[in-house]
2 protein chains.
Amino acid sequence: MTDKKVLSKFQNALKKENLKLTKQRLSILDNIVSNTGHRECDEIYDQLKADGKNVSRATVYRTVSILEKYGIVRKLELGDGRARYEYKYGQGHHDHMICVETGEIIEFMSDEIEEIQDKIAKENGFEIIKHIHQLFVKPIKK
Amino acid sequence: MTDKKVLSKFQNALKKENLKLTKQRLSILDNIVSNTGHRECDEIYDQLKADGKNVSRATVYRTVSILEKYGIVRKLELGDGRARYEYKYGQGHHDHMICVETGEIIEFMSDEIEEIQDKIAKENGFEIIKHIHQLFVKPIKK
DNA sequence: GTGCGTGCAAACGGTTTGCATGCCC
DNA sequence: GGGCATGCAAACCGTTTGCACGCAC
């Protein structure tokens, strides 16, 4: 998805919610689109500040939550009480492996797993809205 | 695993950590062993209170965290900021499907998925310590 | 008897919110 | 010009922690 498409997706989202396109919201979207990491709100906030954009922490939280609601951003919960966000169109769908020793985050993807979990949900009379699949791992000692 | 075995596992854990077996810790273990749900600390706390056991919220938090460390209990993070705990030997390993409409929690298990994720970790030079696999679902409309 | 455990309440930390002012539409 | 958005700081809420007293070993 091009940056232009994302912007219009964001504009549609705002319209749907009766919200306005402010320069703060734009700065936040820009920052997220041009970043591939898995970042906390505070990191996004700090980078915006470093870039000379004046946006408050509160606005980052508020905006990121809109972006999540409209599927532009994905929220990760790694079990340490701090939410991470990643840009959803930076690449295809994937899940995460987290190294408990280094904190490194490795992305993975398995069509097989996706199919099986769809099947399991269906067998139970459900359809999947979203899923979390995280492997907490450590390096294999040689 | 029988209740007796769990108790001795707990006693070993306490010994390893140089901790004492107090009546509060016992009450909490009892309550968890005889319960199959996915409960928050506060629910455990309330039930203990209802059962006439005097245990403080702080002690519930402290004990549950020991139980988790020693694999007697499993911690679930459902993304709402409140941790749930389930007794690990109530049944075999499983993951969770959460209905976003009712909050109902359905357990599921797939050997296939377990194998694939082990393989993926291994291919990346890691071994899995634990994993989280949650499907957020909604009922299929007929 | 000693030192960890407990209960209480206060602290913590990420996130949310109320309010007065500012700015998009 | 009207009303939502912003920024600030305070509130929030689940969880953790410091401290003084109590109990297991």
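We name chains A, B, ... by the order of the sequence lines, and we start the count at 1 in each one. Quantities reported herein were computed from a predicted structural model and do not represent experimental measurements.
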- Item | Sidechain N-carboxylate O distance under 4.0 Å for A:R82, A:D80 |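 Looking at A:D80 together with A:R82, the answer is yes, because their closest N to O distance falls below 4.0 Å.
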
- Message: Between A:L78 and A:H96, is the side-chain contact (heavy atoms from CB on, under 4.5 Å) condition met? List the steps.
- Response: CA-CA 9 Å; A:L78 269 40; A:H96 298 94; 5.8 Å; no

In whole Å, I'd like the distance from the [atom1] atom of [X] to the [atom2] atom of [N].
X     : N      : atom1 : atom2 : result
B:D80 : C:dG14 : CG    : P     : 18 Å
A:D42 : C:dT16 : CG    : C1'   : 14 Å
B:Q24 : D:dG22 : CD    : P     : 14 Å
A:L19 : D:dA5  : CG    : C1'   : 9 Å
B:E77 : C:dG14 : CD    : P     : 15 Å
A:E17 : C:dC24 : CD    : C1'   : 17 Å

- Task: Could you go through the side-chain contact (heavy atoms from CB on, under 4.5 Å) check for B:Y87 and B:I72 one step at a time?
- Result: CA-CA 6 Å; B:Y87 178 46; B:I72 295 172; 4.2 Å; yes

- Query: Is the side chain of A:E43 donor-acceptor paired with the backbone N or O of A:E40 at a distance under 3.5 Å, no angle test?
  - Reply: yes

- Query: Between B:T22 and B:R82, who's closer to the 5' end of DNA chain D by nearest nucleotide?
  - Reply: B:R82

- Between B:E114 and B:H133: side-chain donor-acceptor atoms closer than 3.5 Å: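 No, B:H133 and B:E114 have no side-chain donor paired with an acceptor closer than 3.5 Å.
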
- Query: Would you say the side-chain atoms of B:K16 and B:Y70 include a donor-acceptor pair closer than 3.5 Å?
  - Reply: no

- Residues from residues 45-66 of chain A sitting under 4.0 Å of DNA chain C, heavy atoms only? A:A58, A:Y61, A:R62

- Query: Among D:dA24, C:dC24, C:dT6, which nucleotide sits nearest the side chain of B:K20?
  - Reply: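 Nearest listed nucleotide: D:dA24.
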
